[in-house]
Novice: 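The structure follows.
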Amino acid sequence: MDKISEILTELDRLYPDARPALVYRTPYELLVAVILSAQCTDERVNKVTKVLFEGYNTPAAMVTLSQEQLEGYIFSCGFYRNKAAHILSASRDILEKFGGEVPSTLEELRTLAGVGRKTANVVYAVAFGGNAIAVDTHVFRVSNRLGIAEGKTPEAVEEGLMKVIPEAMWSKAHHLLIWHGRRVCHSQRPACSECTLKGLCKYYEEHK
Ligand code: SF4
């Protein structure tokens with residue numbers, strides 16, 4: 001078995017239930033939750049969206065909120081000004097260009113104002129079952145450390161991962177790498193001594 005297959009097999013064994021921890025019922029709710037999740041825990045996002053989505057879980061309802069009103073709902077997620085602006089821009093775009101429905105292709109998702117590449121990839125993969133690898137801070141760090149896709153930007157790591165991972169595994173690999181980053185391969189102090197991937201890890205080989 002090659003290195004990437006060994007790593008994915010082991011991650012799958014460790015985290016058989018790896019899936020998004022964000023709570024959502026529709027592609028639009030997922031889109032809003034993913035925008036809110038930047039630099040914020042999924043638990044916090046879930047608390048905020050539980051209240052927000054009671055009244056505002058469609059683009060049409062969301063745009064009835066002013067920027068300030070929306071900020072009031074989401075301020076505890078951090079970066080609330082930008083996030084509120086992005087949610088409102090994306091909602092307007094969905095209403096004006098896509099008849100109120102979140103588009104289901106990667107190309108269209110990436111055209112939405114306020115929706116970055118990572119957010120588009122997550123929504124495409126999770127809400128629509130598409131093949132995409134969203135590179136967030138965990139995927140970026142763990143991929144570089146393991147040496148499976150090295151790069152200085154999320155785009156470079158995304159490209160590297162797409163080359164070595166079979167397309168059907170892209171979405172699954174994204175979740176597995178996130179879970180390993182959250183549970184073991186922490187940003188500040190990776191728990192290398194208890195990590196079962198250390199025999200396959202470039203960072204461990206260089207720092208042990
Ligand atoms: S050995 Fe250390 S650096 Fe490598 S994947 Fe495991 S925790 Fe991360």
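None of these values were measured; they are calculated from a predicted model. Note that ligands are numbered from 1 as they come in the structure, with each ligand's atoms numbered from 1 the same way.
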Novice: Is it true that K202 and E205 have a side-chain N and a carboxylate O under 4.0 angstrom from each other?
Specialist: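 Salt bridge flag = no for E205 with K202.
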Novice: Pairing donors with acceptors under 3.5 angstrom, does anything connect the side chains of T64 and Y56?
Specialist: no
Novice: Are I35 and L95 in one and the same hydrophobic cluster, where Ile, Leu, Val, Met, Phe, Trp and Tyr link if side-chain heavy atoms are under 4.5 Å apart?
Specialist: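 I35 and L95: separate clusters.
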Novice: Taking 4.0 angstrom as the limit and counting only heavy atoms of L146, give me the atoms of ligand 1 inside it, by number and element.
Specialist: 5 (S)
Novice: Return the set of protein N, O or S atoms whose distance to atom 2 (Fe) of ligand 1 is under 2.8 Å, each given as residue and atom.
Specialist: C192 SG
Novice: Give me the ring orientation class for Y80 and F75: parallel if the planes are under 30° apart, tilted from 30 to 60°, perpendicular past 60°.
Specialist: perpendicular
Novice: Do L36 and L109 sit in the same hydrophobic cluster, where Ile, Leu, Val, Met, Phe, Trp and Tyr count as joined when their side-chain heavy atoms come under 4.5 Å apart?
Specialist: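 Yes, L36 and L109 fall within the same hydrophobic cluster.
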Novice: Enumerate, atom names and distances included, each donor-acceptor pair closer than 3.5 Å involving a side-chain atom of residues 158-169, sequence neighbours excluded.
Specialist:
| residue | atom | partner | partner atom | Å |
| --- | --- | --- | --- | --- |
| E158 | OE1 | R117 | NE | 2.9 |
| E158 | OE1 | N121 | ND2 | 3.4 |
| E158 | OE2 | R117 | NE | 3.4 |
| E158 | OE2 | R117 | NH2 | 3.1 |
| E158 | OE2 | N121 | ND2 | 3.3 |

